Chemist: 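Take this structure, written in structure tokens, and hold onto it; I'll ask about it next.
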Amino acid sequence: MTENLHIRAQKFFAQSLVEGLSHADQSWLDQHFHECAGCAREIASTQELLHALRTVPVSIPRDLAARTQLRVRLRAQESAQTSHGNFLLWVITGFSWFAGVLSAPLVWRGFAWLGNYLHVPKLAVEMGFVLWWAVPALFAVAAVLHQKGFNISPWRGPN
Amino acid sequence: MTDETQTLAQGLSRRDPGLLDHLIELYQHRLYRYLLFLTGNPALAEDLFQETWIRVLERGHQYNAKSKFESWLFAIARNLVIDVSRRKKMPSLEDLGDKDSNQPFDPPDEHSISALQLLVSRENQQAVQLSLLKIPAYYREVLLLRFHEEMGLEEIAAMMSAPVSTVKSRLYRGLAALKSALPEGSV
């Protein structure tokens, strides 16, 4: 028997384990194993290795499932509270924005009158108005970002 | 998409606590074994096990029921292992193993087999365990998924976001590496 046949048999055997063989190739392989004791031993050894691999004993740490279930439930509660808080924040932010838009003309007139009365430059009055209008929104954005940052950090996982 | 996976996807999307408890119970051995094979480090595998389920909770709405749940679960676990290896600035998954400990897995259940069988199988299993630690983690991973979890090549490829050809070549090379890592005379 030539060396090529043994190499072919080993290649076919590996292929049968990984992706399967055609019927013809499988028949050739079976026939070869009948005739070649060396290859048959090699194959038996690989099969035993795979058996050992399949039966490697791994016992799970005590209470791991229970501890995980508890942690997941706690995180679920935490997330539910956070999402409720987020909803309230969005409602308040929306209301604040709506009220800001409605009151803008009135507030602008107030700022203009105050600027005129105190002889403040027009640019300062305009900046004061923009600041008055933008500060609540900036606070809301800061609160949302803070909350998101607070939520993301535990995702970093174990160190 | 089967009714079962559809129901599972809906439950995950709702963050159903009962369903999550059930899934943790159901997949605890398979997931822990996968993480242990991948990291070779029991403490790290335990941490990652918990993190995986936290991610399942948070990202349950992303499960579209097109793939098997276990593939999605293992993909989450795999990404966490990769994240850890990146954070620790490791060149590969290999370095996650506990180099000081050569016994990452637990001893077999001694009551289930005879004394002679136990002796032979224990020797073989210990040889395989030790050899597994010597081969790269990406070989350990595909060997476990194919021969322990009995996953299909396409399924493994989808889980790893890699071509089927990569999975095949890793399996061939992994088998060869495992065989050559075994001590002389074992198995």
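Just so it is clear, the model here is predicted, and its values are computed rather than measured. Lettering follows sequence order; numbering is per chain, from 1.
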Chemist: Would you say that more than 12 heavy atoms from the other residues, nucleotides or ligands in this model lie under 6.0 Å from the NE2 of A:His51, or not?
Modeler: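 No, the 6.0 Å shell around NE2 holds no more than 12 heavy atoms from other groups.
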Chemist: For the interface with chain A, which of B:His148, B:Glu150, B:His29 has the highest count of heavy-atom pairs at distances below 4.5 Å?
Modeler: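 The answer is B:His148.
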Chemist: Is it the side chain or the backbone of B:Leu23 that comes within 4.5 Å of chain A heavy atoms, both, or neither?
Modeler: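 B:Leu23 has no heavy atom closer than 4.5 Å to chain A.
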Chemist: Check whether any side-chain heavy atom of B:Tyr172 lies under 4.5 Å from a side-chain heavy atom of A:Lys11, and answer yes or no.
Modeler: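 SC-SC contact between B:Tyr172 and A:Lys11 ruled out.
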Chemist: Any heavy-atom pair between the side chains of A:Ile60 and B:Arg33 that's under 4.5 Å?
Modeler: no
Chemist: A:Leu50 versus B:Leu143: any side-chain heavy-atom pair under 4.5 Å?
Modeler: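 Counting from C-beta outward, A:Leu50 and B:Leu143 never come under 4.5 Å.
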Chemist: Could you tell me whether the side chain of A:Leu53 reaches within less than 4.5 Å of the side chain of B:Phe37, counting heavy atoms only?
Modeler: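 Yes; the side chains approach each other to less than 4.5 Å.
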Chemist: Any side-chain to backbone donor/acceptor pair from A:Arg75 onto B:Leu57? Under 3.5 Å, distance only.
Modeler: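 Answer holds: no.
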Chemist: Around A:Arg67, counting heavy atoms of other residues, nucleotides and ligands shown, do more than 12 lie under 6.0 Å from its CZ?
Modeler: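 Atom CZ in A:Arg67 is packed in, count exceeds 12.
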Chemist: Is A:Leu106 atom CG crowded by more than 12 heavy atoms from other residues, nucleotides or ligands, each under 6.0 Å away?
Modeler: no
Chemist: Can you check whether B:Thr52 reaches A:Thr68 side chain to side chain, under 4.5 Å on heavy atoms?
Modeler: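 No, every pair of side-chain atoms sits at 4.5 Å or beyond.
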Chemist: Please test A:Val72 against B:Asp21 for side chain to side chain contact (heavy atoms under 4.5 Å, CB included), starting from the C-alpha separation and ending with a verdict.
Modeler: CA-CA 9 Å; A:Val72 167; B:Asp21 280 357; 5.9 Å; no
Chemist: As a quick check of understanding, evaluate side chain to side chain contact (heavy atoms under 4.5 Å, CB included) for B:Gln28 and A:Leu64, giving each step before the final call.
Modeler: CA-CA 8 Å; B:Gln28 57 177 323; A:Leu64 179 59; 5.6 Å; no
Chemist: According to a 4.5 Å side-chain heavy-atom criterion applied to Ile, Leu, Val, Met, Phe, Trp and Tyr, with indirect links allowed, do A:Leu138 and A:Met127 form part of one hydrophobic cluster?
Modeler: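 In one cluster: no.
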Chemist: Taking side chain as C-beta onward, heavy atoms only, is A:Pro61 less than 4.5 Å from B:Tyr32?
Modeler: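 Yes. Closest side-chain heavy atoms under 4.5 Å.
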Chemist: List the steps and the verdict of salt bridge (charged side-chain N to carboxylate O under 4.0 Å, His left out) for A:Glu42 and B:Lys179.
Modeler: CA-CA 11 Å; A:Glu42 178 76 20; B:Lys179 280 177 84 173; 2.8 Å; yes
Chemist: Do A:Leu114 and A:Trp132 sit in the same hydrophobic cluster, where Ile, Leu, Val, Met, Phe, Trp and Tyr count as joined when their side-chain heavy atoms come under 4.5 Å apart?
Modeler: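 Yes; A:Trp132 is reachable from A:Leu114 via cluster members.
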Chemist: Would you name the heavy atoms of A:Leu17 and B:Phe147 that are closest together and state the gap between them?
Modeler: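 The pair with the smallest heavy-atom distance is O-CE2, 3.8 Å.
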Chemist: State yes or no: do A:Phe129 and A:Leu123 share one hydrophobic cluster built from I, L, V, M, F, W and Y residues joined by side-chain heavy-atom distances below 4.5 Å, directly or via other members?
Modeler: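 Different clusters.
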Chemist: Quick test of your reading of the model: are A:Arg54 and B:Glu149 salt-bridged, counting only N-O distances below 4.0 Å?
Modeler: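 Looking at B:Glu149 together with A:Arg54, the answer is no, because their closest N to O distance does not fall below 4.0 Å.
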Chemist: Picking from A:Gln77, A:Gln69, A:Arg73, what satisfies side chain to side chain contact (heavy atoms under 4.5 Å, CB included) with B:Pro17?
Modeler: A:Arg73
Chemist: Only heavy atoms, only distances under 4.5 angstrom. Which residues in residues 68-76 of chain B are near chain A?
Modeler: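 The list, in residue order, is empty: none.
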Chemist: Could you check B:Glu51 against A:Arg71 for salt bridge (charged side-chain N to carboxylate O under 4.0 Å, His left out), going step by step and ending with a plain yes or no?
Modeler: CA-CA 9 Å; B:Glu51 282 302 316; A:Arg71 207 179 143 192; 2.6 Å; yes
Chemist: Would you say B:Met151 and B:Leu26 are hydrophobically clustered, going by side-chain heavy atoms of ILVMFWY under 4.5 Å?
Modeler: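 Yes; B:Leu26 is reachable from B:Met151 via cluster members.
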Chemist: Report whether A:Trp113 and A:Val107 are members of the same hydrophobic cluster (ILVMFWY, side-chain heavy atoms less than 4.5 Å apart, transitive linking).
Modeler: yes
Chemist: Indicate yes or no: at least one non-hydrogen side-chain atom of A:Ser79 is less than 4.5 angstrom from one of B:Arg15.
Modeler: yes
